[in-house]
Amino acid sequence: MTRKLIAVLALVPCLALATIFSIGAGAVEIEPAQVISILRSLVGLEGFQDYSPQQAAVLEAIRLPRVLLGLLIGAGLSTAGAAMQGLYRNPLADPGLLGISSGASVLAAASIVLEIHWFGIYTLPIAAFCGSLLAMSVVYLLSQYQGRTQITTLLLAGIAISALCGAVTGFFTYFSNDDQLRSITFWQLGSLGGATWSALFSVAPFILLTVMGIPFFAKALNALLLGESNAKYLGIPVERVKVVLILLVALGVGAGVAVAGLIGFVGLVVPHLVRLSLGPDHRFLLPASALLGSLLLVLADLIARTIVSPLELPIGIVTASVGSPFFLFLLLRDRKMGGL
Amino acid sequence: MSLLKAQDLSFQVKERYLLQHVGFSVEPGEFLAVIGRNGAGKTTLLRLLTNDLTPKTGKIEIFGRPLAEFAQKDLATKRAVLAQSTPLNFAFEVLEVVLLGRIPHERTASSFEQDLEIAMAALAQVGLQGFERRNYLTLSGGEQQRVQLARTLCQIATDSPERLLFLDEPTSSLDVSHQHRVLETAKKICHEGAGVFAILHDINLAAQYADKVLILAGGRKVAFGPTADVLKADILSAAFQHNIMVTDHPRLNCKLIVTC
């Protein structure tokens, strides 16, 4: 109990260090002490290290919103992933199963190929958000039967709707020209490159709601691991819990996908990593997943924007290529201990 | 006051009756076994009693009050249900699984230390002390079932005499030794005044452990009463539509059921 609490809390300083380091790294280098000084000056406190106005401008306009967006999206995807895995009682579940990602893809691709610009530069994120909520709602409605949410149907409907969305996205891709094809592909690989303060502020409420709301259901999720009827016998209002959790996941992930595209792997793997060391108790799993997800996404974005600079890799390439071998290593190492 | 009382329960899906005019009661300290063929309505009865289904007609009283009056949360502090199998495939430690039984008590005064004590006692009751830190997924099926039994005991561990344990074929997939350990534990909490409602497949287990037996066939009550009065060759043969003989157990003071 105490050991687990310490492990969760130990993630906080790690995250702070990664954040400061990540803000400092890039074409315009900023020392950690300078980063802290500039951050202090932003909130009206005295700095203790000299820095140039250029450094301050880069930090404020480019680096800070980007890193904060990474923190938010990492936490959102991981918390949502942990909640989905608990809800489905399947460690392989991820938020994509609700049709969120594929739904977002359809309207994102549509807005690119049909050259829709109704909302200026926000057209793509708005389209993606609408797409994810739309697909998600269809999946959810399909899973309703006699006033109950059938989790198995939810899963299968999610897969079916995802496949359908994939077909429609493929259709748009087929008719796209080279530039549009490039945009679609890049969007699908995910990127934090579009981070601005306004983008950050528009998605922050949704994602924060997810990250802070889901942990209130930690005990309910623990009980749900015993199956729905057992959870009910333990006094958990199962139907209400399911609906609220699905809603929280949909909003948080939908908002994340809207501004950063499809960042795979994080929602699936981060909760796994936490479970390997802390066990499946959601009271620790959820906050630890949020922190570790933030940490990993900030580091992944750091790699994505520095490794081939001045170019930028899509972050999805980094999360998958660095994460999967590491994940496999853990999986094989812990296989003897009864798996996940 | 009966811990559990059902009167004239009926349940139907469309035109087909799954249960018709079933009535019985469980008094404090009593072990009731429900037996019958597959499809006789045992599971339907359990689902009515746990409020998963709503009866078409009839009354269910639990702890002297109508079942529908109870909030799910309050009921969960004194009524627990152990299913035939529990679909848990996450690597909890054994003690963590048992502690899940304390979830309904979170808003009462019980502290974490108290909960821990109760959980340890429950583990000892099912004979699994020393298993606290073991990974649940590495246990055998019989051990897992006993951990789940400990969880349900932990759930209804209160000072109140109002305690009910529902067992839904708790021993069907267990070996002989585990079967008896599970039912011995259930019997023990009967001696402390709790009531047990157990759906059993093995009539001999009912003969050994039950105070009363309810026999269902085709959704109807065939017999209900003290074990020795109800477990008769003619009644059982008719209910199971199979030749069944009843004799005295050579060692124990109970009936021995022989199929032929």
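All heavy atoms count here, side chains included; hydrogens, waters and symmetry mates do not. Naming: A, B, ... by sequence-line order, numbering from 1 per chain.
Between the CG atom in B:Leu88 and the CZ atom in A:Arg89 there is a gap of 9.5 Å [rounded to 0.5 Å].
Note on B:Arg79, B:Glu93, B:Gln148: by heavy-atom pairs under 4.5 Å with chain A, the leading option is B:Arg79. For the set B:Pro87, B:Gly101, B:Ala80, the entry with the most heavy-atom pairs within less than 4.5 Å of chain A is B:Pro87.
Other residues, nucleotides and ligands place no more than 12 heavy atoms under 6.0 Å from the CZ atom of B:Arg16. Around CZ of B:Phe166, the count of heavy atoms belonging to other residues, nucleotides or ligands within 6.0 Å exceeds 12. More than 12 heavy atoms of other residues, nucleotides or ligands shown are found within 6.0 angstrom of CE on B:Met1. Atom CD of B:Glu117 is surrounded by 12 or fewer heavy atoms from other residues, nucleotides or ligands within 6.0 Å.
Contact between B:Phe92 and A:Asn222 at its shortest, heavy atoms only, is CZ-OD1, 4.0 Å.
Put simply, the side chain of B:Gln72 never gets that close to the backbone of A:Pro237: no donor and acceptor are under 3.5 Å apart.
A salt bridge links B:Glu96 to A:Lys4: at least one charged side-chain nitrogen sits closer than 4.0 Å to a carboxylate oxygen.
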### Query
Given B:Arg151 and A:Asn230, is the side-chain contact (heavy atoms from CB on, under 4.5 Å) satisfied, shown in steps?
CA-CA 11 Å; B:Arg151 173 178 65 79; A:Asn230 282 313; 3.7 Å; yes
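Tested against A:Tyr233, the residues B:Val81, B:Thr152, B:Asn51 include a single side-chain contact (heavy atoms from CB on, under 4.5 Å) partner, B:Val81.
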